[in-house]
Amino acid sequence: MEPVDVAFAVVGLGALLAGVLPRVLERRPLSMPIAFLGLGMVIFLLPIGLPRPDPLAYPELATHLTEVGVIVALMGAGLKIDRPLSWARWSSTWRLLGVAMPLCIAAVALLGWWWAGLVPAAALLLGAALAPTDPVLASDVQVGEPTDVEDSEDEVRFALTSEAGLNDGLAFPFVSAAIALAAAGPAPADWLGRWLTVDVLYRLAVGVGGGLLVGWLLGKLFFRAPRDLRLARHAEGFLALAATFLAYGLVEVAGGYGFLAVFVAARAIRAAERTHEFHTVLHDFAEQTERLLTVLLLLLFGGAVVGGLLAPLTWPAALVGLALVLVVRPLTAWLSLRGAPGRPAEHWVIALFGIRGVGSFFYVAYATTRLDFPQADLVWATVGLVVLVSVVAHGVAATPVMQLLDDTPTPTPHTPSPPTPPTPPTPPTPTPTPTPRTPTPA
């Protein structure tokens, strides 16, 4: 039995199930990621000759597989958000990015160093890798396909989708800081200046600016070009991949953050012609591609789990991972949403569903390919545990929680009606005076 032939059969089975399971599991407390994670565990436990998927042994392959999975998901997330970008309308997103994410990174890094015994560089890498929520595994709590209505999304789905679309790119400076710390040592004078100017200011600016430029040019080509070249007329969904790889590749070549560029480019394409049906075509193709990549990544993750990915895990490191899922993320996100749009119940749902996944794997793989990172096996094991817990816990809870939230009517604020002015009294009707009767002469 050739392992390549077995791999073809496994991928074919996974692709088939990717089309069947979403219909079977709809409105049930079980998600597609849980099913494929379990399937991966079973397949790699069978004696069929498949090689063990070990990200520590193949960090380059792990980097590029997770990289493609994330950027395709980012394009789909950017295309399906209906709400136009503005400071007020995206208030929840800015709070989650500007308050909750840095607090999560600091808390996990501190716990990783103080409690789990990681060296400072490894602790910072752990915090940075676990900071972004995942656009790949969180489809059950995200907005649906593009619509013509600008404010069609509820606050929970919008906040979780927009947060996942942006924080994958915004976590990169912290990963770069961990790499610089591991390479240059703890003295800030050796790396802090270059990190601020290059890894923060320059690469963020190029990511946003490059994404806007690519998205604007593609929007012109899709919707404003001469009739024969107007690509939106032909409804070819694979152009979503063209936009994804073009934005990512050009910005990475220029030294910017490609993750950020892909999401920004998707938003710029959507803004070029907000209500055009071509957005649905692009989104659907991106979503189908993302689903196939998700199947592959989850099968490999399941194989890595049964192959010993979690073996280096220590109890303190495991407690740090559980603290992130159960305490740190819910508390920091809830605090950041104080005063944000939405009901308190919606704020708690947003805070609880900070799903971790493929983006976290990418960042650890990326860092470990740049240098020989200290305690890399323990960092991988901790991230693997967090993703495993997140996939199972959030996957079971997503459907019933979102159904409950959808079934709960949104209270309308009661506005007291103005007092009714008193009705003036009705004047009495005068009694008619009887007219004296004139006697008729005989």
Side-chain angles (χ1 to χ4, degrees), residues 55-56 59-60 62-64 66-67 70 97-98 100-134 166-204 207 252 255-260 309 312-314 316-317 320-321 323-324 328-329 332 354 356-387:
L56 285 95
E60 292 281 354
T63 301
H64 296 308
T66 53
E67 184 178 32
V70 171
L97 296 173
M101 190 176 79
L103 288 177
C104 274
I105 294 174
V108 172
L110 179 62
L111 290 173
W113 167 74
W114 172 69
W115 182 248
L118 293 171
V119 298
L124 181 56
L125 175 61
L126 180 66
L130 290 174
T133 55
D134 197 73
L166 285 168
N167 62 14
D168 270 300
L170 295 178
F172 226 123
F174 299 98
V175 176
S176 299
I179 295 172
L181 184 61
D190 296 334
W191 58 271
L192 185 60
R194 186 183 186 281
W195 176 75
L196 286 173
T197 55
V198 176
D199 293 319
V200 178
L201 297 178
Y202 174 78
R203 299 191 72 184
L204 284 175
E252 285 287 327
Y257 290 129
F259 283 0
L260 195 57
L309 178 67
L313 195 65
T314 63
V320 171
L324 168 68
V328 175
R329 158 66 189 199
T332 57
R356 267 57 185 178
V358 177
S360 298
F361 289 145
F362 167 79
Y363 280 128
V364 179
Y366 174 86
T368 54
T369 59
R370 293 303 180 270
L371 61 118
D372 188 12
F373 231 86
Q375 299 171 293
D377 57 345
L378 183 55
V379 173
W380 265 112
T382 307
V383 171
L385 175 70
V386 170
V387 176

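- Residue pairs satisfying the salt bridge (Lys or Arg N to Asp or Glu O under 4.0 Å) criterion with at least one member in residues 189-200, sequence neighbours excluded, are listed as follows: Asp199-Arg203.
- Among all heavy-atom pairs drawn from Pro55 and Ala62, the shortest one is CB-CB, 4.1 Å.
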Name every donor-acceptor pair, under 3.5 Å, that has one atom in a side chain of residues 375-384 and the other anywhere in the protein, sequence neighbours excluded.
| residue | atom | partner | partner atom | Å |
| --- | --- | --- | --- | --- |
| Gln375 | OE1 | Val119 | N | 2.8 |
| Gln375 | NE2 | Gly117 | O | 3.3 |
| Thr382 | OG1 | Leu378 | O | 2.8 |

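- The CZ atom of Arg329 sits 6.0 Å away from atom OG1 of Thr133, with the distance rounded to the nearest 0.5 Å.
- Evaluation of the side-chain contact (heavy atoms from CB on, under 4.5 Å) rule for Leu204 yields Leu170, Pro173, Val200, Tyr257, Leu260 as partners, not counting sequence neighbours.
- Not a single side-chain hydrogen bond (donor to acceptor under 3.5 Å, both in side chains) links Arg356 to another residue, sequence neighbours left out.
- Contact of the Pro120 side chain with the Leu181 side chain is registered, since non-hydrogen atoms from C-beta on lie closer than 4.5 Å.
- Remark: Thr368 OG1 to Glu60 CD distance equals 8.5 Å, nearest 0.5 Å.
- Applying the side-chain contact (heavy atoms from CB on, under 4.5 Å) test to Trp114 and every residue at least two apart in sequence or in another chain returns Leu111.
- Residues passing the side-chain contact (heavy atoms from CB on, under 4.5 Å) test with Leu110, sequence neighbours excluded: Trp113.
- A distance-only check finds no donor-acceptor pair linking the side chain of Asn167 to the backbone of Leu97 [under 3.5 Å].
- Contact check for Leu56 versus Leu309: side-chain heavy atoms found under the 4.5 Å cut-off.
- The distance from atom CG of Leu324 to atom SG of Cys104, rounded to the nearest 0.5 Å, is 6.0 Å.
- A distance of 9.0 Å separates CZ in Phe361 from OG1 in Thr66, rounded to the nearest 0.5 Å.
- For Tyr366, the ring pair (Phe, Tyr, Trp, His ring centres under 6.0 Å) criterion is met by Phe172, Phe362, not counting sequence neighbours.
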Please walk me through it: do Leu124 and Ile105 pass side-chain contact (heavy atoms from CB on, under 4.5 Å)?
CA-CA 7 Å; Leu124 181 56; Ile105 294 174; 4.2 Å; yes
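- In terms of heavy-atom proximity, Ala123 sits nearest to Gly112 at CB-C, 4.1 Å.
- Taken from CG in Leu201 to CH2 in Trp195, the straight-line distance is 9.5 Å, to the nearest 0.5 Å.
- Nearest heavy-atom pair, Pro59 versus Ala365, reported as atom, atom and distance to 0.1 Å: O-CB, 3.9 Å.
- Residues Pro132 and Ser360 share a closest heavy-atom pair of O-OG, 4.3 Å.
- Partners of Ala100 by side-chain contact (heavy atoms from CB on, under 4.5 Å), not counting sequence neighbours, listed by chain and number: Leu96, Thr332, Ala333, Ser336.
- Closest non-hydrogen pair, Trp191 versus Ala177, comes out as CZ3-CB, 4.2 Å.
- Closest approach of Ala317 to Leu313, counting heavy atoms only: CB-CD1, 4.1 Å.
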